[in-house]
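A note on names: the letters A, B, ... follow the listed sequences, proteins ahead of strands, and every chain is numbered from 1. From a predicted model like this one, the values you see are computed outputs, not experimental measurements.
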2 protein chains.
Amino acid sequence: MLSAIMEDYLKAIYSLQNETDGRVRTSVLAEYIDVEQSTVTSMMKKLSERDFVQYEPYKGVELTDTGVPIALEIIRHHRLLERYLTDHLEYDWAEVHDEADRLEHHISSKFADRIAEQLGQPAVDPHGDPIPTADLDVSGAKDGERLADHQVGDSVQIVRVPDTDPDLLRYLSKHGIHPGTVVDVVEIAPFGMVTLDPDNGDGPVALPEEVARSISTQSLTQSSH
Amino acid sequence: MLSAIMEDYLKAIYSLQNETDGRVRTSVLAEYIDVEQSTVTSMMKKLSERDFVQYEPYKGVELTDTGVPIALEIIRHHRLLERYLTDHLEYDWAEVHDEADRLEHHISSKFADRIAEQLGQPAVDPHGDPIPTADLDVSGAKDGERLADHQVGDSVQIVRVPDTDPDLLRYLSKHGIHPGTVVDVVEIAPFGMVTLDPDNGDGPVALPEEVARSISTQSLTQSSH
DNA sequence: GAAAAGAATTAGACATGGCTAAATTTATAA
DNA sequence: TTATAAATTTAGCCATGTCTAATTCTTTTC
Ligand SMILES: [Mn+2]
Ligand SMILES: [Mn+2]
Ligand SMILES: [Mn+2]
Ligand SMILES: [Mn+2]
């Protein structure tokens, strides 16, 4: 029906659309998928031909109502696989992304539903990203603030971390930072370094601002002190 | 490194080689993979170019020492996946083949090793086919006799059944026939129908000769009566 | 041991998903 | 508002894997 490559384009458009809202530009997609812009242009023509995207030359592209569920299905596969790999097959959370990124295109929906069942219908993947339900509902997914947006002294809970950089993930887990961890913001240096103190007593952790901006958080209404 | 399609060719050559021994002919491979002969010819050129097969035009093809382990790795993946789908994800043995046939090319060796561990290093897949070990040893695999080769009155144990036809598999399991089942050969009709009586009391089962020829068995040294 | 039949290969085409280099359109700056 | 820069698309090429039709072996058959 749809090649793995086309599915990756739809998934990419979905993600970029949610970050930047509005149309996704050719250059942005090319960068994200790591192909030349001309390659994106020709793929957009094919996808819009088949009505998965609404493509306006020189303006950008947007998923149609046909395209969205396909992207969500793949994202569901991806996140369920990640959860399964960590929970049942003893993978480290730093190494699940690549395996899931391949398999997401090849497992059946039945397979996905069965592992979801095994896992007890999990709501989020190991990095805190929400897993669409079997009927592709993602209403539980809210953006939340970013770690970089808080003030010194704030106590916040980690909600989501980016899942593509294994080194970052290893660094974070080494310092006890996972979705759910509560941290105090200890210092924000003028050159953009954010220092945190996780509540697990592992001592302070420093993160570059760019990383802090990519981590989603939830403000605790009242911190415990 | 190697496309999923090339892997399928190597796997096919391996299987056909073991059935017919000697070189595998273009026509046989074409039939098996379900492509035109000319397609096989051009693929054989590519595979022999890369030294996975030894190809002699007009004579046929054979796996090289480079090609064999690749075929075995894929077969290992396939059979472990089948075992996993039935044992851990509640698939019926009739429906595992297609899912495994896709996924076999996309899981990592690590994934395969992890599910093997989960399953307790199983020796055979749900259809009785032997699973190569992690170091690709298949010494445990012996051909055995076929069900069609026995005489009326023989008591034999089912060892392997063909795994590609879901209807046959459903029929067999409905009548209690699995690898391990012990059956008495009750009747062999002149037009080739073989009638069996499984030891589970589910009553006699009739099978066309062609099917009986595709089922591997193990003679019981002395039957129980 | 020719001729006919059968099997296999070659030739040429097509679809998919890439790339580079050359237009062309849109945005920015003078 | 025109010139320059940046983004995007078009044109043309390549690799993979497949097909059909034509050709060239091989094997049978008489
Ligand atoms: Mn992917
Ligand atoms: Mn993830
Ligand atoms: Mn396969
Ligand atoms: Mn099997």
Side-chain angles (χ1 to χ4, degrees), chain A residues 1-14 16-17 19-63 67 70-71 74 101-102 104-106, chain B residues 1-14 16-17 19-63 67 70-71 74 101-102 104-106:
Chain A
M1 186 77 300
L2 210 63
S3 72
I5 288 169
M6 284 182 162
E7 288 179 349
D8 271 337
Y9 276 92
L10 296 182
K11 195 176 68 146
I13 295 167
Y14 182 91
L16 292 170
Q17 213 167 245
E19 268 176 29
T20 64
D21 52 44
R23 284 187 280 225
V24 178
R25 317 227 82 200
T26 300
S27 51
V28 175
L29 250 183
E31 160 92 50
Y32 191 87
I33 297 187
D34 195 26
V35 293
E36 293 301 317
Q37 295 189 181
S38 58
T39 304
V40 171
T41 300
S42 74
M43 184 56 86
M44 290 313 100
K45 286 198 218 154
K46 285 175 204 156
L47 290 174
S48 88
E49 186 59 41
R50 297 174 62 182
D51 206 48
F52 296 117
V53 302
Q54 206 266 301
Y55 168 55
E56 186 150 357
Y58 294 104
K59 295 301 162 76
V61 76
E62 217 170 355
L63 291 181
I70 295 173
I74 304 300
D101 222 24
R102 258 179 301 115
E104 62 188 2
H105 308 287
H106 305 288
Chain B
M1 186 76 300
L2 210 63
S3 72
I5 287 169
M6 284 181 162
E7 288 179 348
D8 271 336
Y9 276 93
L10 296 181
K11 195 175 68 146
I13 296 167
Y14 182 90
L16 292 169
Q17 213 167 244
E19 268 175 29
T20 64
D21 54 43
R23 284 187 281 226
V24 178
R25 316 224 89 208
T26 301
S27 49
V28 175
L29 205 41
E31 159 91 49
Y32 191 88
I33 297 187
D34 194 27
V35 293
E36 294 300 318
Q37 295 188 182
S38 58
T39 305
V40 171
T41 300
S42 74
M43 184 57 85
M44 290 313 100
K45 286 198 218 153
K46 285 175 205 156
L47 290 174
S48 88
E49 185 59 41
R50 297 173 63 181
D51 207 48
F52 296 117
V53 302
Q54 206 266 300
Y55 167 56
E56 185 150 355
Y58 294 103
K59 294 303 161 82
V61 77
E62 218 170 356
L63 291 181
I70 295 173
I74 304 300
D101 224 24
R102 258 179 300 115
E104 62 188 1
H105 309 288
H106 305 289

Quiz: residues 36-46 of chain B side-chain donor-acceptor pairs under 3.5 angstrom, not counting sequence neighbours:
{"residue": "B/T41", "atom": "OG1", "partner": "B/Q37", "partner atom": "O", "Å": "3.2"}
{"residue": "B/S42", "atom": "OG", "partner": "B/T39", "partner atom": "O", "Å": "3.2"}

Rounded to whole angstrom units, what separation is found between the CD atom of A/E56 and the C1' atom of D/dT9? 14 Å

Identify the two heavy atoms, one from B/Y14 and one from B/A71, that lie closest to each other, and give their separation to 0.1 Å. CB-CB, 3.7 Å

Sequence neighbours excluded, which residues qualify as side-chain hydrogen bond (donor to acceptor under 3.5 Å, both in side chains) partners of A/E56? A/R23

note: A/H105, atom NE2; C/dG17, atom C1'; distance rounded to Å ~ 15 Å

In whole Å, what is the span from the CD atom of B/Q37 to the P atom of D/dT24? 18 Å

If I take atom CG in residue B/L29 and atom C1' in nucleotide D/dT18, what distance separates them, rounded to the nearest angstrom? 15 Å

What residues 3-13 of chain B contributes to the DNA chain D interface at heavy-atom separation below 4.0 Å is B/S3, B/I5, B/M6, B/Y9

Take atom OH of B/Y55 and atom C1' of C/dA7, then tell me their distance rounded to the nearest Å. 11 Å

If you define the side chain from C-beta out and look only at heavy atoms, does anything of B/L29 sit under 4.5 Å from B/V35? no

N/O-N/O pairs, protein side and nucleotides 22-29 of chain C side, under 3.5 Å:
{"residue": "C/dT25", "atom": "O4'", "partner": "A/Y58", "partner atom": "OH", "Å": "3.4"}

Is a side-chain donor or acceptor of B/R25 paired with a backbone partner of B/V61 at a separation under 3.5 angstrom? no

Check whether any side-chain N or O of B/S27 sits under 4.0 Å from OP1 or OP2 of C/dA8, and answer yes or no. yes

If each of A/V35 and B/S38 is mapped to the nucleotide of DNA chain C with the nearest heavy atom, which maps nearer the 5' terminus, i.e. the 5' end? B/S38

Partners meeting side-chain hydrogen bond (donor to acceptor under 3.5 Å, both in side chains) with B/H105 (sequence neighbours left out): B/E7, B/D8

When you check the phosphate oxygens OP1 and OP2 of D/dT9, does a side-chain N or O of A/T41 lie under 4.0 Å from one of them? yes

How long is the line joining CD of B/E36 and P of C/dA7, in whole Å? 14 Å

Within residues 43-52 of chain B, which residues have any heavy atom lying less than 4.0 Å from an atom of DNA chain C? B/K45

N/O (side chain, A/T26) to phosphate O (OP1/OP2, D/dT9) under 4.0 Å: yes

Rounded distance in Å - CG (A/L2) to P (C/dT16): 12 Å

